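All values reported here derive from a predicted model rather than from experimental measurement.
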Amino acid sequence: MLFNNVFELVSSSWKLLNKSRKFYLISPIATRRSLSVQYGNSALLTAGAKSYINKCVSLCQPDRIHICDGSADESKLLQELMLKQGTITRLTKYTNCWLARTNPADVARVESKTFICTDRKDQAIPVTPNATAGALGNWISPADMEQAVKERFPKSMRGRTMYVIPFSMGPVGSQLSKIGIEVTDSPYVVESMKIMTRVGNQVLEKLQSNGDEFVKCLHSVGTPKDRKVAVPSWPCDPERTIILHKPDSNEILSYGSGYGGNSLLGKKCFALRIGSTIAKREGWLAEHMLILGITNPKGKKIYIAAAFPSACGKTNLAMMTPTLPGYNVECVGDDIAWMKFDSEGVLRAINPENGFFGVAPGTAMSTNPNAMNTIFSNTIFTNVASTSDGGVYWEGMEEPNINNVITTDWLGKLWSKQSGKPAAHQNSRFCTPAIQCPIIDPCWEDPQGVPISAILFGGRRPKGVPLVYEARNWSHGVFIGAAMRSEATAAAEHKGKVIMHDPFAMRPFFGYNFGDYLKHWLSMEKRGRVPKVFHVNWFRKSADGKFLWPGFGDNSRVLDWIFRRVHEEDCYVDSPIGYLPSEGALDITGLQQSVDLKELFNVPNDFWQQEVNEIEQYFKTQVGEFLPKEVFNELTELKKRVNKL
Ligand code: GTP
Ligand code: SPV
Ligand code: MN
């Protein structure tokens, strides 16, 4: 057990006792510090929780402990504190809304500093002679992880309060849900976790009855080695940031960053990386997918899950307003799906989250009115611009009054459109309760989950990839997921617009070897009735660089075709890459702009020959012997079909 080792290294003989809501840290070596629980009820803690907190206290040595109860009073307290520290400002134009400006060096996930720790390297990533570092995740040995922890966490919470956040991923009490405890020194993380997950005493009560099983999540914003905190209102240690996962013991340790997926550990770290390893063990799927319900004009409803890489349109699709008359879309989740076959062989999905941590730029009444109608109460905005009337602003927001107010950009500097600089950071976000979404699905908290009829894969493909095509069968669908590529976005540290491989939109989020992940996906066919699989691309561009497809609400036209295919309507034609909508099958009646359908559905020979070669090269160099033969066979078949083009 890594923690025990670290614990022993730091101070083997410290003990923490719980006496009538007080912790006493007792050291037999002279010093005797008492550590008070300044907030919360420690009597509710299970033995396992106490022991974990004990270890975190010994390691990080905070000055105070705060056990979160998830209440509104607690939020008030922490908001006041963050106001005083300058971490947030109040957005007076709205109700209970806040703006945080981060250290400009801490604005996105850092994939290169994110590691999976297993005994053997090939348990975490495919090991091949020519693999590119980080292409399918990063591995760290147990010894190196221990060293990394030892170099960063000891005393990292000195002078700070340690917050203990008991949280549930998924509705409390659902068979599909899992519990975590995040220990952090950031009140911003506490308030964000209270939006993004279910936090509070009900979770501790559940722990009492579930065998005290929880994912251990330790987070510290840290302090730079030279102790010079560049932005005191947003402490962090970008140089030494590291995000560590130990699937064997369900542990996460994150140091140095307060931002998004680096610090809200329920999200990518737990629900995807640790989640995917638990899912593998228990026979289900933890995926980077939105979940939506769609009802057709006849009143028939299906649920769809869709995997697009970060900043590629999940939130927008999950909340879309269909332009196709008679259709209705409802939102179950916008980022993560946990899916499991029930006893009848139906694939059921829950959204393990409780809120949306959505990309702000581009969010507008014209593109995503449901998001706009969600986010102006009880929301924490991060790195957007603010206006002198107490509001927010970002690129694409369509703010008619923007010229009548003074705007301050995400860096805290006066801003004007003429400056040519973006007002909001490209990866600026809103953190908002899901329940406020006007189209939240009536079953979004159903403990059974919702039945999934179709799975979509997609990405930003400016060239060659049609608007939509359907997989021939399950293994072809798994191949399409494995072969996914997309333009890099600002959600992580990647620069430029290179087309990156991002299989299943999970490249940064696999908790175990991608080859084994593919085998697990292939095995689903034996477990129940698998959904139909599709690939979509809203982002194809014309020669002059304009999007060929209007996207957003008009994506309902694609969902309509998918809906009909799920019901086996004969509205497709075969193509080398999969099934395409047959002539006239894509409903474009009432489309506001003229669309070059020929270009949008073109499958260019030279492009696909190149694409196939690229996929082959990728599989060879990055996945090697770990690639299941079924997936290799799909590639061979595609190659044959494409070469006949
Ligand atoms: P993460 O939260 O990082 O996982 O991102 P996401 O997949 O939820 O992406 P999101 O829906 O926030 O979209 C990211 C960006 O893509 C926003 O700026 C959107 O405006 C833009 N976008 C989303 N859907 C479409 C679309 O159909 N067409 C076009 N052109 N842009 C879109
Ligand atoms: C993503 O990058 O896919 C996100 C944002 O959803 S973060 O929570 O930072 O991972
Ligand atoms: Mn995401």
**Q** Charged N to carboxylate O below 4.0 Å: is that the case for Asp237 and Arg240?
**A** yes

**Q** Is any NZ, NE, NH1 or NH2 atom of the basic residue among Arg109 and Glu111 found under 4.0 Å from an Asp or Glu carboxylate oxygen of the other?
**A** yes

**Q** Considering only residues two or more places apart or on different chains, which pairs with a residue in residues 200-213 satisfy side chain to side chain donor-acceptor pair (under 3.5 Å)?
**A** Thr46-Asp212

**Q** Return the minimal non-hydrogen interatomic distance between Trp139 and Phe115, and the atom names on each side.
**A** O-CD2, 3.6 Å

**Q** How would you list all residue pairs meeting side chain to side chain donor-acceptor pair (under 3.5 Å) that involve residues 77-89, not counting sequence neighbours?
**A** Gln79-Asn96

**Q** With sequence neighbours excluded, tell me which residues meet ring pair (Phe, Tyr, Trp, His ring centres under 6.0 Å) with Tyr393.
**A** Trp415

**Q** Please say whether more than 12 non-hydrogen atoms of neighbouring residues, nucleotides or ligands are located less than 6.0 Å from NZ in Lys93.
**A** yes

**Q** Do Lys113 and Glu239 meet the salt-bridge criterion of a basic N to acidic O distance under 4.0 Å?
**A** no

**Q** Please, which pairs that meet ring pair (Phe, Tyr, Trp, His ring centres under 6.0 Å) have at least one residue in residues 148-177, sequence neighbours excluded?
**A** His66-Tyr163, Phe153-Tyr255, Phe167-Phe270

**Q** Taking side chain to side chain donor-acceptor pair (under 3.5 Å) as the cut-off, I'd like each qualifying pair that reaches into residues 353-364, sequence neighbours left out, listed once.
**A** Lys267-Glu353

**Q** Which heavy-atom pair separates Leu176 from Pro447 by the least distance, and what is that distance?
**A** CD1-O, 3.8 Å

**Q** Keeping the roles fixed (side chain from Thr367, backbone from Gly362), state whether a donor-acceptor pair exists under 3.5 Å.
**A** yes

**Q** Quick one: does Met162's side chain get under 4.5 Å of Leu35's, heavy atoms only?
**A** no

**Q** Does Gln426 CD have over 12 foreign heavy atoms under 6.0 Å away?
**A** no

**Q** Using every non-hydrogen atom in the two residues, find where Ile350 and Gly170 come nearest and quote the distance to one decimal.
**A** CD1-CA, 4.0 Å

**Q** With a 3.5 Å distance limit and no angle check, can you tell me whether Ser51 reaches the backbone of Ala47 through a side-chain donor-acceptor pair?
**A** no

**Q** Within the structure provided, determine whether Ser174 and Glu445 are in side-chain contact (heavy-atom separation under 4.5 Å).
**A** no

**Q** Could you grab the distance from atom CD1 of Ile140 to atom CD1 of Ile243, nearest 0.5 Å is fine?
**A** 11.5 Å

**Q** Can you tell me how far OH of Tyr39 sits from OG1 of Thr161, rounded to the nearest 0.5 angstrom?
**A** 13.0 Å

**Q** Do any N or O atoms from the side chain of Thr374 and from the backbone of Asn370 form a donor-acceptor pair under 3.5 angstrom?
**A** yes

**Q** Do the side-chain N and O atoms of Glu182 and Thr184 include a donor-acceptor pair separated by under 3.5 angstrom?
**A** no

**Q** Return the set of residues passing side-chain hydrogen bond (donor to acceptor under 3.5 Å, both in side chains) with Thr408 (not counting sequence neighbours), or none when no residue passes.
**A** none

